[in-house]
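So you know, we letter chains A, B, ... as the sequences are listed, proteins then strands, and number each from 1. Predicted, not measured: the structure shown is a model, and the values here were computed from it.
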Protein chains: 2
Amino acid sequence: MKTADPELMRAINRFHVMDAVRRFGPIARVEISTRTELSPTTVSAITAALLEDGLIVPRQMGDLRDAARGRPRVLLELNPEAAQVVGVKLAPDRITVVLTNFRADVLAQLALPIRLSRQAAAVVADLVEDGIRQCVADAGCPLENVRGICVGLPGVVEHGAGICRQSPVFTESDVPFATELSRRLQRPVSIDSDANLVALAESWFGAARGLDDFLVVSVEHSLGLGIMHKGELFRGAGGLSPDLGDMLVRPAGRTDGTRLADIASEAALLIEAQAVLTAPEDQQLFRAGRGLGRVLALAEAGDARMTGLLGEAGEALGFAIANLIALFAPPKVILAGALIQEGAPLLDALLRTVAALLPPSLAGVAEIVTHRSTDTIWARGAAAMTLQELYGAPWNTTGPALRA
Amino acid sequence: MKTADPELMRAINRFHVMDAVRRFGPIARVEISTRTELSPTTVSAITAALLEDGLIVPRQMGDLRDAARGRPRVLLELNPEAAQVVGVKLAPDRITVVLTNFRADVLAQLALPIRLSRQAAAVVADLVEDGIRQCVADAGCPLENVRGICVGLPGVVEHGAGICRQSPVFTESDVPFATELSRRLQRPVSIDSDANLVALAESWFGAARGLDDFLVVSVEHSLGLGIMHKGELFRGAGGLSPDLGDMLVRPAGRTDGTRLADIASEAALLIEAQAVLTAPEDQQLFRAGRGLGRVLALAEAGDARMTGLLGEAGEALGFAIANLIALFAPPKVILAGALIQEGAPLLDALLRTVAALLPPSLAGVAEIVTHRSTDTIWARGAAAMTLQELYGAPWNTTGPALRA
DNA sequence: CGGATTAATGCGGAACCCGTAATAAAGCGG
DNA sequence: CCGCTTTATTACGGGTTCCGCATTAATCCG
């Protein structure tokens, strides 16, 4: 926690005003005042500064007071033109790039279906750089206008330092990807765990709007875990984002095959399924990257081997999620990913396991919902991360108050 | 996060000054200024107010500057007399009460070796009330002078609401213990998970002094987990303290006996050991409450059944701790409890399991140490919790900034 | 006993929030 | 059409805070 001075005070209150404008859409000063519990005078002063800076704009039309007497309110909203930011999602089979405006509306997007599992960091950086340049070019937006870039990727990411400790997309460990991209593009770049970004997206414009505490669990090629805790993205000590794949699901005593990623990720499932489905036409499908569809179709048709695999994965996920609920007590858990479907064996097993394992005292706390997130939403979350910094959340900039 | 006003600003900075005095005191104003990065003027003003309020006192003696030139510094320290607080630790076999001064020095303590597993809340409240009254009477301190009371107990505790959701010491669930005690004693009362309090104690005057991130795992009659995260005690959504006993250690598919508490707590170990050691003299020891010593002695002597049990418990604990390290990435993990001994089978198995299960990217982050905490230290932690509130940490008082 | 040196503190300036009062911009009723 | 009422917004003054600068305080040194 930083020491307080008038500047910080103003930064805090300005952020609250910005946050109210973002969340409650076109909104009048009076309403900002009641919501933030700041005095009308202060709101007026702050909004004047924000208007001056071009971050918000008035919107005369649409006066929908119930009692239409008195001076009409002037509605304020975010100025979409105030900034452009870029969000990138890196997955092992795809790069998604979006350019958004200041409201996180997508202006342009680009999906590169490129297989980049375990690539050299330089190669990935090349691809991302090209993708970003092309995306902003498509939108006719000079790169210089882009106020910030955020990249989401699976694995263990250190947001603060901009280092990716370990990820399925890189061969190397400890990749300083943020500095590398920043050097290439001459723009501010940050990186974060992909699941954290989708958590932010869900909180801004998704299934968890306005919720201060929730989990996002994504089952994709790899597993993702995003945690919103007390209104902020949860990160471990040193800003290290935890990786759901590193959660353990086997009992002690067996040191092999214990990571959740080895049981419940798409990648792991495909490997196990490929070992089982030995028919040549199946193998063909796997080689063509269509194995997942085949697995789901077989499970749908009642193939015991496939439902068994999916059930095992679901049980493992349920086990991990029950642990997370015991720790974070989130009112909501959002599940995402192609494997998560209503009525599918994986989801059934997951829900059943959570219900069975959760202690009675925590039985009711978490509502588990599914939500289909597109790659665009993920990338929008990345954009939102940069926007949040532009809004100027002051507590992110705080250093240790006492030096040893 | 609360909206900022001058009052909050001052509260924040006053807290920083108090914190510096507590941590580094006796300390001169100049040094407070450099450590907090507040201007000397501001420090002077704040310390003047604190002196006025009697929270700190000057200490002329002991001028140990290296260069003894210039005006000598006036050292400031906490005024021990500024307040008295009571800390209570509730364990299934013992109630410990301490009275401390403003520096968390113990003025009087009282240990009641009472078995209170699964007692009615009213009975426990009776015992605690009597214990507190007796303890403060022993010290000749009128109860009216006690500025606050904090009770630590195992189980799932909701600190904010003062409710104990579930605990081995109560028969009931959802016990509003804080209000109940407050009504009886007419003093402010708070409750928290016992492990959180020992974490606070370790951070104030124990093995984790000044550390912003660490875990405390205590293996006692029941299991405890205290998490210091970014300088604050970690609690789940709604202020719910997680319970280590609710962590799960068995794989999905087996829904029975999966809680860590059923494998690795002293209580569970005793039950399992009692089932194995059928000799009449052993059963005698168990009934006399001396079973644990017997188990340890047998294990020491190489009894395979006992080392097996302990090893299994250690592996289960290691499994849970590895998961927690993956989530929180704490630089330090402190283990406490009678079962945790250097060279003992439980600790060996625990360390081995953590090392085996932790993914390489997290291999070096956490140093695991053991630390023997007495019941007094725990109760001191409870006192420290109240003191922290008296110091006026402003962020604890913040409500939601935006009302829906 | 007069510098030199370091510690602590008035003093004035600047920024901020807030309460009150004034102003702005509508609708309503005569 | 015009004044009155109502509601939103803003100007103004007061109070608080932090900070930079200059001053005072307290010691050592020669």
Please determine if a side-chain N or O atom of [X] lies less than 4.0 Å away from the OP1 or OP2 oxygen of [N].
{"X": "A:T42", "N": "C:dC18", "result": "yes"}
{"X": "A:R69", "N": "D:dT5", "result": "no"}
{"X": "A:N13", "N": "C:dC16", "result": "no"}
{"X": "A:R10", "N": "C:dC16", "result": "yes"}
{"X": "A:R71", "N": "D:dT6", "result": "no"}

- Task: Give the nucleotide from the list D:dC18, C:dA7, C:dC17 with an atom nearest to the side chain of A:D5.
- Result: D:dC18
- Query: Which one, D:dT27, D:dC18, C:dA26, comes nearest to the side chain of A:P72?
  - Reply: C:dA26
What integer distance in Å separates [X]:[atom1] from [N]:[atom2]?
{"X": "A:M9", "N": "C:dC16", "atom1": "CE", "atom2": "P", "value": "8 Å"}
{"X": "A:E31", "N": "D:dT7", "atom1": "CD", "atom2": "P", "value": "16 Å"}
{"X": "B:R14", "N": "D:dT16", "atom1": "CZ", "atom2": "P", "value": "14 Å"}
{"X": "B:L75", "N": "C:dA8", "atom1": "CG", "atom2": "C1'", "value": "13 Å"}
{"X": "B:L8", "N": "C:dC18", "atom1": "CG", "atom2": "C1'", "value": "15 Å"}
{"X": "B:E7", "N": "D:dC18", "atom1": "CD", "atom2": "C1'", "value": "16 Å"}
{"X": "A:E37", "N": "C:dG19", "atom1": "CD", "atom2": "P", "value": "12 Å"}
{"X": "A:I27", "N": "D:dA8", "atom1": "CD1", "atom2": "P", "value": "12 Å"}

- How close do B:A49 and B:R10 get, heavy atom to heavy atom, and via which atoms? CB-NH2, 3.7 Å
- On DNA chain D, check which nucleotide each of A:T41 and A:A4 is closest to and give me the residue with the more 5' one. A:T41
- Query: Under a 4.0 Å N-O cut-off, is there an ion pair linking B:D192 with B:R235?
  - Reply: yes
- Could you check A:S39 against B:V30 and say which one's nearest nucleotide on DNA chain C is further toward the 5' end? B:V30
- Would A:S44 and A:T41 count as having a side-chain donor-acceptor pair, cut-off 3.5 Å? no
- How would you list, by chain and number, every residue that makes a salt bridge (Lys or Arg N to Asp or Glu O under 4.0 Å) with A:D105, sequence neighbours excluded? A:R103
- Kindly write out the residues that satisfy salt bridge (Lys or Arg N to Asp or Glu O under 4.0 Å) with B:E77, not counting sequence neighbours, or none if the list is empty. B:R59
